Structure formats: C-alpha cells, structure tokens
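Data first, discussion second: the structure below is written as structure tokens.
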Amino acid sequence: RAKANEVKKKIEEITLTIKAKAGEGGRLFGAITSQDIAKNLKSEYKIEVDKKKIDLAENIKEAGMKNIDIKLYPDVTATLKVNVRPES
C-alpha cells in the first residue's frame, strides 16, 4: 500500500503526452486506449500499470487534456493528466 501511494504521487506529478494522427477539429483517426496509456507510462516514465486498472470509460477520440483515474490499490486512486496532441 505504501508503494501504491508512492506510485500515485509520481503519476500525479506528470502529464503524459501522447501524439496521435488527427483530422479536422482535433478528431483522432482511431483512438487512444488504456493499453496505449499503460505502454506510454512504462516507456516514458518507467511506471508499470496494468491496463485493466486504468479507468477509461471510453477510448479517447479527440485531442486535448484528459484526466484519467488509475486504480492502484483498493483505496488508492491516482489521477493521470493525459495530453493528446495531434501529430503534424
């Protein structure tokens, strides 16, 4: 549980930027899934999170900032800021 709180602190300090191909008005071609978020967290910040613990009601389909909850422990939930930027 102490480890979960440590990870929560790390997660809440970062803003994960994910680049995706987008069309007019920032609408993405495809979508950002919880698997993409988990992969990016691991590759950029060396934070491993099970994609099933990422509380994504629906896949991200538009560019912009999103707050996503990650359940790290039964009573420990971190909020990750995800910035989806259109690829130029």
Side-chain angles (χ1 to χ4, degrees):
R1 181 188 175 150
K3 189 170 190 262
N5 278 316
E6 256 176 62
V7 173
K8 173 184 171 150
K9 201 174 147 207
K10 271 190 209 162
I11 287 174
E12 293 190 336
E13 285 172 356
I14 62 177
T15 299
L16 185 67
T17 300
I18 299 177
K19 288 186 177 163
K21 288 191 177 0
E24 291 294 310
R27 192 107 175 108
L28 302 183
F29 297 126
I32 305 292
T33 64
S34 53
Q35 185 175 357
D36 297 324
I37 293 167
K39 229 181 350 195
N40 277 287
L41 259 181
K42 187 177 178 184
S43 67
E44 285 183 48
Y45 298 98
K46 308 284 181 266
I47 299 173
E48 268 195 72
V49 176
D50 182 352
K51 69 175 191 211
K52 293 182 194 88
K53 297 197 187 291
I54 297 174
D55 194 14
L56 203 56
E58 53 185 48
N59 294 337
I60 301 170
K61 294 186 174 110
E62 284 179 12
M65 287 293 283
K66 305 271 185 279
N67 286 335
I68 292 159
D69 288 335
I70 301 175
K71 292 180 174 82
L72 300 169
Y73 204 74
D75 60 345
V76 180
T77 301
T79 303
L80 172 68
K81 289 188 277 303
V82 177
N83 182 12
V84 179
R85 297 207 358 232
E87 258 180 13
S88 46

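Note that the coordinates shown come from a computational prediction; the quantities given were computed from them, not determined experimentally.
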- Spatial distance of atom OG1 (T77) from atom CD (E12) [nearest 0.5 Å]: 9.5 Å
Side-chain donor/acceptor pairs under 3.5 Å, residues 67-74, sequence neighbours excluded:
from, atom 1, to, atom 2, distance (Å)
D69, OD1, T79, OG1, 3.0
K71, NZ, D55, OD2, 3.2

In residues 36-45, what donor-acceptor pairs under 3.5 Å come from side-chain atoms, sequence neighbours left out?
from, atom 1, to, atom 2, distance (Å)
D36, OD2, T33, N, 2.9
D36, OD2, T33, OG1, 3.2
N40, ND2, D36, O, 2.8
S43, OG, K39, O, 3.3
S43, OG, N40, O, 3.4
Y45, OH, T15, O, 3.4

- Atom of I32, atom of A20 and distance for their closest heavy-atom approach: CD1-CB, 3.9 Å
- Note on the structure: Taken to the nearest 0.5 Å, the spacing of K52 NZ from S34 OG works out to 9.5 Å
- Task: Output the distance between atom NZ (K53) and atom CD (E48), rounded to the nearest 0.5 Å.
- Result: 13.0 Å
- Item | Side chains of K66 and L56 in contact at under 4.5 Å (non-hydrogen atoms) | no
- Query: By side chain to side chain contact (heavy atoms under 4.5 Å, CB included), which residues pair with K9, not counting sequence neighbours?
  - Reply: E13
- Message: Does anything in residues 18-29 form a salt bridge (charged side-chain N to carboxylate O under 4.0 Å, His left out)? List the pairs, not counting sequence neighbours.
- Response: K21-E87, R27-E62
- Item | K81 atom NZ, over 12 foreign heavy atoms within 6.0 Å | yes
- Query: Is the number of heavy atoms from other residues, nucleotides or ligands within 6.0 Å of NZ (K51) greater than 12?
  - Reply: no
- Query: If two hydrophobic side chains count as joined below 4.5 Å and joins carry through other members, does I14 share a cluster with V76?
  - Reply: yes
- Message: Looking at every heavy atom in both A78 and I11, which two are closest together, and how far apart are they?
- Response: CB-CG2, 3.9 Å
